[in-house]
Amino acid sequence: MVSFTSILLPLLLLATLHSTPTLCYVNPASPVVQKDDTKTSAGRTYIVLVEPPRLADQYAHRRWHESFLPSPCADVSGKPCLLHSYTEAFSGFAARLTDVELDAVAKKPGFVRAFPDRMLQPMTTHTPEFLGLRTGTGFWTDAGYGKGVIVGLLDTGIYAKHPSFDDHGVPPPPARWKGSCKAERCNNKLIGAMSFTGDDNSDDDEGHGTHTSSTAAGNFVAGASSHAVSAGTAAGIAPGAHIAMYKVCNSLGCTESAVLAGLDKAVKDGVDVLSMSLGGGSSFRFDQDPIAMATFRAASKGVIVVCSAGNNGPTPGSVTNDAPWLLTVAAGSVDRSFDAAVHLGNGKIIEGQALNQVVKPSSELYPLLYSEERRQCSYAGESSVVGKMVVCEFVLGQESEIRGIIGAGAAGVVLFNNEAIDYATVLADYNSTVVQVTAADGAVLTNYARSTSSSKAALSYNNTVLGIRPAPIVASFSSRGPSRSGPGVLKPDILAPGLNILAAWPPRTDGGYGPFNVLSGTSMSTPHVSGVAALIKSVHPGWSPAAIKSAIVTTADAVNSTGGSILDEQHRKANVFAAGAGHVNPARAADPGLVYDIHADEYVGYLCWLIGNAGPATIVGNSRLPCKTSPKVSDLQLNYPTITVPVASSPFTVNRTVTNVGPARSTYTVKVDAPKSLAVRVFPETLVFSKAGEKKTFSVSVGAHGVQADELFLEASLSWVSGKHVVRSPIVASARS
Ligand SMILES: *[C@@H]1O[C@H](CO)[C@@H](O)[C@H](O)[C@H]1NC(C)=O
Ligand SMILES: *[C@@H]1O[C@H](CO)[C@@H](O)[C@H](O)[C@H]1NC(C)=O
Ligand SMILES: *[C@@H]1O[C@H](CO)[C@@H](O)[C@H](O)[C@H]1NC(C)=O
Ligand SMILES: *[C@@H]1O[C@H](CO)[C@@H](O)[C@H](O)[C@H]1NC(C)=O
């Protein structure tokens, strides 16, 4: 019996790969294609951006939006063509329109732009203890486990009756809560549940939303296990917080128009944290991306929006949900193994993992079957596998082939990772005797299989083992920076657990796993960080989303628990574009000392710089903010908690302002870590504060010399150090910014 707390997290990598789209705005499977299932004789769905209505009474938005549409406006079946009228997070509406109707809409005064509705996908839990959260002690208790904070999730719905959503110990929601709950069980834990997918049902047929919700804010559940492994107490990161589910995805994915509707409602209802484990698979210019615009409005109303970086790694530039106002989360491993071993006939033992643990395995050695031609297990219906231990390469979505091989009479299957996945094994549920091993161990195995015709192996299982090293490592699938739409701001921001995460799962009719399941993806790392944001919000209710982000980013662990570098899937040092500022550290995040805050005015200046005069009206929803009166703020000069500069021999200078949120009287001195080829100067080198809330501005200039042409970027860091706090910001000198 292992007694640790399992954190439940849902960015589903696997689910995403077969059928489910990724929610927090990440799609591991394919770039988002314009799905034609929205196109019928009745036209297709468009998201229409318009200027805000002049009047702002209760019905003004709907009337204004209807004025753009033919009257009456309905399709052949009589369904109204206006699908959603957005009021809080987006200036506009979603409507089903023919090409002719769209042309007419576009000619009306006040029209700005129309976007065809895109299909997004959802992205897929041990982990509070790995993050330093222990029941009954320290920070977790101080933060009241996130009490009084409302975490909204845009996802596939929720299995409301799961024990993770019991409300023991959770007080009633705060009076400001305006939402409603339509689910099989609503209580002080699950205070909101609504569907925007066309039906009135907030149930979770996919499992993804149940997994992510329990990871962010699931209550304590004793004896959580999945596939007979990982017994322990499960809890979300903020077990005292309230959950509000906005169902915006179903088995087909998440339409952008539904995601916007959920976002709009969440802002109106009064959520504090919004967790989005979904995405579109690619990065769009922020003014071409309705969700980037709507999340800006959410953030400017005080909601901290946490999103998946995406599952398109390890390709550079694959990060999505990369707007500066989002907290963008990469995925890494935890120090846990669902331990299994392959015992070879030559006496060697290869350590691996297995989600389906066999209680009494046979110790008999079976002949190995490996063939280069059948490398990925294409043995459909063949009798050659009978009685063999079949060795092949792991591919996502291979479950039915593997079950077929076992069904045909194979003794077992050993799957090895390809070079891209390398050490970051993504466990899959084969409901069969399957052990998964790393790429390096795969080479040992295949070399042995080729070296002798009498090669043999047996499998053994060892339940859950903690303390695995090195951990964390960045998962291969985790999308990498730099951001294509905004290379001047480092993305992803932060690394959190997203590989082989155990969290809540709905019961399945086929008798499969549940009530917990193990999933991987940036969908799973995202709700961990949403939970951390909820803990901070509980201790510091007045902090802005930018301040909470700064707290999480500047206190992240740049090294692992023994002081070594955080590694990537290939066991190389993980760079900033893989791990952002480093691995989330909840206890330190609640007491950062200093924060880099970003005021709404500064963001207006940024939008003017980025988009021009139309920026404030369309994105901020306030046409009285003309760009000529707000100074333009470039991406590099935004008061972000990380620093990006161009690589240039003449020093480039950025200014930053920090706000004292630690002890009133404190003195910080600067500490710079930089490679020889970067000269980093900070002025002044000491910041002396005498009161809480006091702000100090400093400048950082970075010059590069002797840089090799092939060095696309160089990494350094600057830390403000007092007796109690270290406030660290990575510095990226990038050839692209
Ligand atoms: C099984 O796990 C224990 C720790 O739980 C470890 O000490 C032991 O080496 C493992 N055995 C095998 C064969 O991996
Ligand atoms: C920390 O990382 C180093 C490599 O950078 C590794 O050798 C060590 O095992 C890691 N420690 C832990 C606790 O993972
Ligand atoms: C798993 O395998 C067992 C027996 O091998 C079978 O009874 C059960 O239906 C399978 N479950 C699923 C979900 O395939
Ligand atoms: C940075 O601050 C210095 C000193 O206050 C000022 O002269 C300079 O214009 C600032 N630079 C930018 C880009 O704001």
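Both ligands and their constituent atoms are indexed starting at 1 by order of listing.
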Side-chain polar contacts of residues 559-571 - donor-acceptor pairs under 3.5 angstrom, sequence neighbours left out - could you list them?
| unit_1 | atom_1 | unit_2 | atom_2 | d |
| --- | --- | --- | --- | --- |
| Asn560 | OD1 | Thr562 | N | 3.0 |
| Asn560 | OD1 | Thr562 | OG1 | 3.2 |
| Asn560 | OD1 | Gly563 | N | 3.2 |
| Asn560 | OD1 | Gly564 | N | 3.0 |
| Asp568 | OD1 | Gln570 | N | 2.8 |
| Asp568 | OD1 | His571 | N | 3.2 |
| Asp568 | OD1 | Arg572 | N | 3.0 |
| Asp568 | OD2 | Arg572 | NE | 3.0 |
| Asp568 | OD2 | Arg572 | NH2 | 2.8 |
| Glu569 | OE1 | Arg480 | NH1 | 3.4 |
| Glu569 | OE1 | Arg480 | NH2 | 3.1 |

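- For the 3.5 Å distance criterion, the side chains of Asn417 and Asp422 fail to qualify, holding no donor opposite an acceptor.
- Of the inter-residue distances, the one linking Ser333 atom OG with His583 atom NE2 reads 7.5 Å to the nearest 0.5 angstrom.
- Between Trp720 and Val670, some side-chain heavy-atom pair lies under the 4.5 Å cut-off.
- By the 3.5 Å distance cut-off applied to N or O atoms, Arg469 is not counted among the residues near ligand 2.
- Side-chain N/O atoms of Ser308 and Thr526 include a donor and acceptor closer than 3.5 Å.
- Residues passing the side-chain contact (heavy atoms from CB on, under 4.5 Å) test with Ala704, sequence neighbours excluded: Val647, Leu678, Val707.
- Applying the ring pair (Phe, Tyr, Trp, His ring centres under 6.0 Å) criterion to Tyr606, with sequence neighbours excluded, gives Trp609.
- Contacts with ligand 2 closer than 4.0 Å are made by side-chain heavy atoms of Leu567 only, the backbone lying farther away.
- Using a 4.0 Å cut-off between heavy atoms, Ser561 contacts ligand 2 through its side chain alone, with no backbone atom that close.
- Ligand 4 lies under 4.0 Å from heavy atoms of Gln637, Asn655.
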